[in-house]
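Ligands are counted one by one from 1 in listed order, and the atoms in each one are counted from 1 as well. Atom set for the values below is all heavy atoms of this structure, side chains included, hydrogens, waters and symmetry mates excluded.
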Amino acid sequence: MPRRTAAADLLKLLRGAGGMVSGELLSRELGVSRTAIWKQISSLRAAGYRIDAIPSQGYCLATEPDLLDEATLRTALGNACLIGRRIVCCGETGSTNADAFSLAEQGAEEGTVLLAERQLAGKGRLGRRWESPTGVNLYCSVVLRPELPPYEAPQLTFLSAVAVARAIQITTGLQPAIKWPNDLLMNGRKVAGLLNEMNAETDRVGFVILGIGVNLNMRADQFPADLRTPATSLLLEYGAPVSRQLFVVHLLRELDREYRRFQQEGFGPVREEWARYCNAFGREVQVDVGSNSLQGPFIGIDHDGALLMKLSDGRVERILSGDVTVI
Ligand code: BTN
């Protein structure tokens with residue numbers, strides 16, 4: 001029975017060849033049949049590697065996929081970062097938030113990051129599904145153990161929105177807008193969503209999972225036709241693919257910076273930075289809450305993340321959830 005060719009060995013040979021390499025040579029070097037080589041080439045292609053084949057000449061590795069890799073990410077972040085001091089990358093999972101939640105229940109340290117190439121049951125807000133195709137986007141969950149009362153935990157959503165906005169700006173030079181409470185938009189279309197989940201006792205947070213989904217290199221034909229909110233990706237807005245690996249490094253660095261500042265200075269600086277990116281802050285807005293609709297200037301964010309709106313009679317209304325439209 002032929003030995004199964006390890007993809008890593010085959011890749012090493014293809015990379016080392018720096019051009020065309022014959023199937024015969026690969027089969028000889030790896031001690032397996034040419035059919036086994038062909039099968040392995042097919043699975044590498046399925047994993048995103050572009051391998052050109054020319055009859056009677058052989059194979060050539062044209063491009064490699066932008067896979068998320070723990071070791072490279074750890075090296076890029078260095079030892080000073082709290083966020084990402086442990087990084088777990090997986091090929092496929094149900095939901096990185098669900099995985100991070102169980103890891104945190106088992107005692108995972110603060111700053112643990114989970115990344116997946118694909119999610120089979122990606123969770124969105126309000127029980128919705130988060131579209132999570134393979135190898136093109138970012139599906140990330142971070143374990144935090146802040147010393148906060150549970151009602152202040154939503155502050156962390158604002159913190160992660162700022163970090164994602166910054167990472168997008170650093171990567172593409174384009175400025176996204178934040179839509180209250182936690183959508184990131186580019187040209188009015190959703191490019192990223194945040195879903196934070198919490199474990200808490202009555203008066204203190206046990207842990208928070210920051211769930212971050214960013215549409216990085218998703219093509220137009222990969223979006224489902226029935227999306228409630230119009231969506232986009234950095235590829236579509238920027239006009240070229242972005243390195244997922246580099247994006248993660250920027251994002252984790254920005255999260256680390258914002259979280260440290262939050263621990264030292266509290267919510268104030270996060271709130272200020274968030275307001276700078278918000279598309280509606282200080283403007284006249286309409287907020288639809290179920291079948292009710294309120295109108296007035298959006299004047300601030302409360303400690304629990306509530307939107308503060310000034311009503312025509314001078315009262316300030318606190319809104320905890322709803323859909324905001326700038327008038
Ligand atoms: C939203 O509805 O806007 C929130 C979407 C959050 C999606 C991310 S992807 C990584 C993490 N794992 C999940 O299952 N959901 C979040």
Check: Considering only heavy atoms, does Ser132 approach ligand 1 within less than 4.0 Å through its side chain, its backbone, both, or neither?
Finding: neither
Note to self: Tell me the contacting part of Ile212 for ligand 1: side chain, backbone, both, or neither, using a 4.0 Å heavy-atom threshold, strictly below.
What the structure shows: backbone
Do we see a donor-acceptor contact under 3.5 Å between the side chains of [X] and [Y]?
{"X": "Thr172", "Y": "Glu237", "answer": "no"}
{"X": "Glu197", "Y": "Asn97", "answer": "yes"}
{"X": "Glu254", "Y": "Tyr259", "answer": "no"}
{"X": "Gln175", "Y": "Tyr277", "answer": "no"}

Check: Got a sec, which residues hit ring pair (Phe, Tyr, Trp, His ring centres under 6.0 Å) with Phe207, two or more places apart in sequence or on another chain?
Finding: Phe101
Next item on the list: Could I get the full list of ring pair (Phe, Tyr, Trp, His ring centres under 6.0 Å) partners for Tyr238, not counting sequence neighbours?
Entry: none
Notebook entry, point to check: Is it true that Glu258 and Arg166 make a salt bridge, defined as a side-chain N closer than 4.0 Å to a carboxylate O?
Noted result: yes
Note to self: Between the side chains of Glu131 and Arg129, is the shortest nitrogen-to-carboxylate-oxygen separation below 4.0 Å, so that they form an ion pair?
What the structure shows: yes
At less than 4.0 angstrom from any non-hydrogen atom of [X], what atoms of ligand 1 do you find?
{"X": "Thr96", "value": "10 (C), 11 (C), 12 (N)"}
{"X": "Leu194", "value": "3 (O), 4 (C)"}
{"X": "Gly122", "value": "14 (O)"}
{"X": "Gly213", "value": "8 (C), 9 (S)"}

Checklist line | Option set Lys123, Gln119, Glu197, criterion heavy-atom distance to atom 12 (N) of ligand 1, minimum | finding: Gln119
Which residue and heavy atom of the protein sit nearest [atom], plus the separation:
{"atom": "atom 3 (O) of ligand 1", "result": "Lys190 NZ, 2.6 Å"}
{"atom": "atom 5 (C) of ligand 1", "result": "Trp130 CE3, 3.3 Å"}
{"atom": "atom 2 (O) of ligand 1", "result": "Arg125 N, 2.7 Å"}

Notebook entry, point to check: Between Ser95 and ligand 1, does any nitrogen or oxygen pair lie at a separation below 3.5 Å?
Noted result: yes
